[in-house]
Amino acid sequence: MASEAYKNKQDKLAKIRTSAYACTAQDIGKVFYCLNPNCTAHLFLRAFNSNKRESYFSTKKGDSLHGHIEGCEYAHTNNADLREYDTTDFKIEDFYKSILETSTEKDKHENTQNTLNRQFPNAQNDSISLDKIKTINQLYRICLSNPLDSYIGDIQILYLFCNVSTSYLYTTYISGYKLVVAKWYKYNKNSQTITLIYPFESTTKDFLLKCVLKIPIYFTRH
């Protein structure tokens, strides 16, 4: 399921997305297309005018001919509404640095709790406040579930999230802090470098993403 889809094959080629929130009653029953450029799934508008949840796109149940391809990210339920999170002060740099600092501490559990208490003081024991983004899994589900032009903090998902749907933006390099969905290829212990294939579903090795991690513990076998 997804909050966005392509209205027709021409829009898919031109990367013109349609939001389920912007659809009208005339779009009910029409075929839309998956954001994954490799997926040929037929999607349909769901929950239009529902008072229980926002509109979204999904395949027709039992339609084996026009379902998602195997491994498609948009085949799964990733219902993480961005409006349920407080992202006003979210900074991707601080988010990742906090996670890395937590991972290198000896007492991982204690340090995780302390980090969250420092960075997200209102995220716990407060049923009124919106939740904060605390994990990479949460961030991934939010990026996958919401329109790509939505903002998380001061950056649009489109320029934060590197997966199959945004791979047309990243054809030669990826710079800065991003959430990258890629496939493991190899690692070099001496240079502390890991090499990934991007995008995840790529069947070639034309784009090998090299990441240098100056943290020796990540290259230690247990």
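Rounded to the nearest 0.5 angstrom, Asn188 CG and Thr195 OG1 are separated by 8.0 Å. In this structure, NE2 in His42 is found 4.5 Å from OH in Tyr33, a value given to the nearest 0.5 Å. With values rounded to the nearest 0.5 angstrom, Cys143 atom SG is found 10.5 Å from Leu158 atom CG. To the nearest 0.5 Å, the span separating CG on Asp81 from CD on Glu54 amounts to 6.5 Å. Remark: Lys210 NZ to Leu196 CG distance equals 11.5 Å, nearest 0.5 Å. For the atom pair Ile99 CD1 and Phe95 CZ, the distance stands at 3.5 Å (nearest 0.5 Å).
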Test side-chain contact (heavy atoms from CB on, under 4.5 Å) on Ile197 and Phe207 and set out the steps. CA-CA 6 Å; Ile197 298 174; Phe207 190 174; over 6 Å; no
Full working for side-chain contact (heavy atoms from CB on, under 4.5 Å) between Cys72 and Cys34: CA-CA 9 Å; Cys72 180; Cys34 182; 3.8 Å; yes
Run the numbers on Tyr85 and Ile152 for side-chain contact (heavy atoms from CB on, under 4.5 Å), then give the verdict. CA-CA 9 Å; Tyr85 292 85; Ile152 300 180; over 6 Å; no
Run the side-chain contact (heavy atoms from CB on, under 4.5 Å) test on His68 and Thr40 for me, step by step, so that the C-alpha distance in whole Å, both residues' side-chain angles and the decisive distance to 0.1 Å come before the verdict. CA-CA 7 Å; His68 289 281; Thr40 57; over 6 Å; no
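With Asn146 contributing its side chain and Ala80 its backbone, the two residues share a donor-acceptor pair below 3.5 Å. A donor-acceptor contact shorter than 3.5 Å links the side chain of Thr166 to the backbone of Asn163. Between the Gln156 side chain and the Asp149 main chain, a donor and an acceptor come within less than 3.5 Å of each other. Between the side chain of Ser167 and the main chain of Val164, a donor-acceptor pair closer than 3.5 Å is present.
Note on Val180: it clusters hydrophobically with Leu160, by side-chain heavy-atom contacts below 4.5 Å among ILVMFWY residues. In terms of hydrophobic clustering, with Ile, Leu, Val, Met, Phe, Trp and Tyr side chains grouped at heavy-atom distances under 4.5 Å, Tyr151 and Ile142 are assigned to different clusters. Placement of Leu148 and Ile16 in two distinct hydrophobic clusters is found when ILVMFWY residues are connected by side-chain heavy-atom separations under 4.5 Å, directly or transitively. Under the 4.5 Å side-chain heavy-atom criterion for Ile, Leu, Val, Met, Phe, Trp and Tyr, Tyr168 and Leu13 are members of distinct hydrophobic clusters.
Using a 4.5 Å heavy-atom threshold, the side chains of Arg17 and Leu35 count as touching. Side chains of Tyr198 and Leu208 form no contact here, defined as non-hydrogen atoms less than 4.5 Å apart. Looking only at side-chain heavy atoms (C-beta outward), Trp184 and Ile194 come within less than 4.5 Å of each other.
Scanning all heavy atoms of the two residues, the minimum distance from Lys30 to Phe44 falls at O-CD2, 3.3 Å. The two residues Asp11 and Tyr6 have their closest heavy-atom pair at O-CD2, 3.6 Å. The minimum heavy-atom distance linking Leu82 with Thr87 is given by the pair CD1-CG2, 4.0 Å. Between Lys12 and Cys39 the shortest heavy-atom distance is NZ-O, 2.6 Å. Of all the heavy atoms in Cys162 and Tyr170, the pair that sits closest is SG-CE1, 3.6 Å.
Ser165 and Tyr74 are linked by a side-chain donor-acceptor pair at a separation below 3.5 angstrom, with hydrogens and angles left out of the test. Donor-acceptor pairing under 3.5 Å is lacking for the side chains of Asn36 and Glu73.
The side-chain contact (heavy atoms from CB on, under 4.5 Å) test with Ile92 is passed by exactly one of Leu139, Asp154, Ile133: Leu139.
The salt bridge (charged side-chain N to carboxylate O under 4.0 Å, His left out) analysis of residues 31-44, with sequence neighbours excluded, yields no pairs. Residue pairs meeting the salt bridge (charged side-chain N to carboxylate O under 4.0 Å, His left out) criterion with at least one partner in residues 38-51, sequence neighbours excluded, are absent.
Residue-environment remark: NZ (Lys9) stays at or below the threshold of 12 foreign heavy atoms within 6.0 Å. No more than 12 heavy atoms of other residues, nucleotides or ligands sit less than 6.0 Å from atom CD of Glu70. Counted within 6.0 Å of OH on Tyr21, heavy atoms from surrounding residues, nucleotides or ligands total more than 12; the atom is thus considered enclosed. Other residues, nucleotides and ligands place no more than 12 heavy atoms under 6.0 Å from the OH atom of Tyr173.
Tyr56 carries Arg53 over the face of its six-membered ring, with the cationic atom under 6.0 Å from the centre and within 45° of the normal.
Residues passing the salt bridge (charged side-chain N to carboxylate O under 4.0 Å, His left out) test with Lys7, sequence neighbours excluded: Asp27. Residues passing the salt bridge (charged side-chain N to carboxylate O under 4.0 Å, His left out) test with Asp86, sequence neighbours excluded: Lys132.
Side-chain heavy-atom separations under 4.5 angstrom define the hydrophobic clusters, and Ile69 shares its cluster with no other residue. Clustering of Ile, Leu, Val, Met, Phe, Trp and Tyr side chains at separations under 4.5 Å places Phe48 together with Ile28, Phe32, Leu43, Leu45, Phe57.
Using cut-offs of 30° and 60° on the angle between ring planes, the pair Tyr96 and Tyr177 is parallel.
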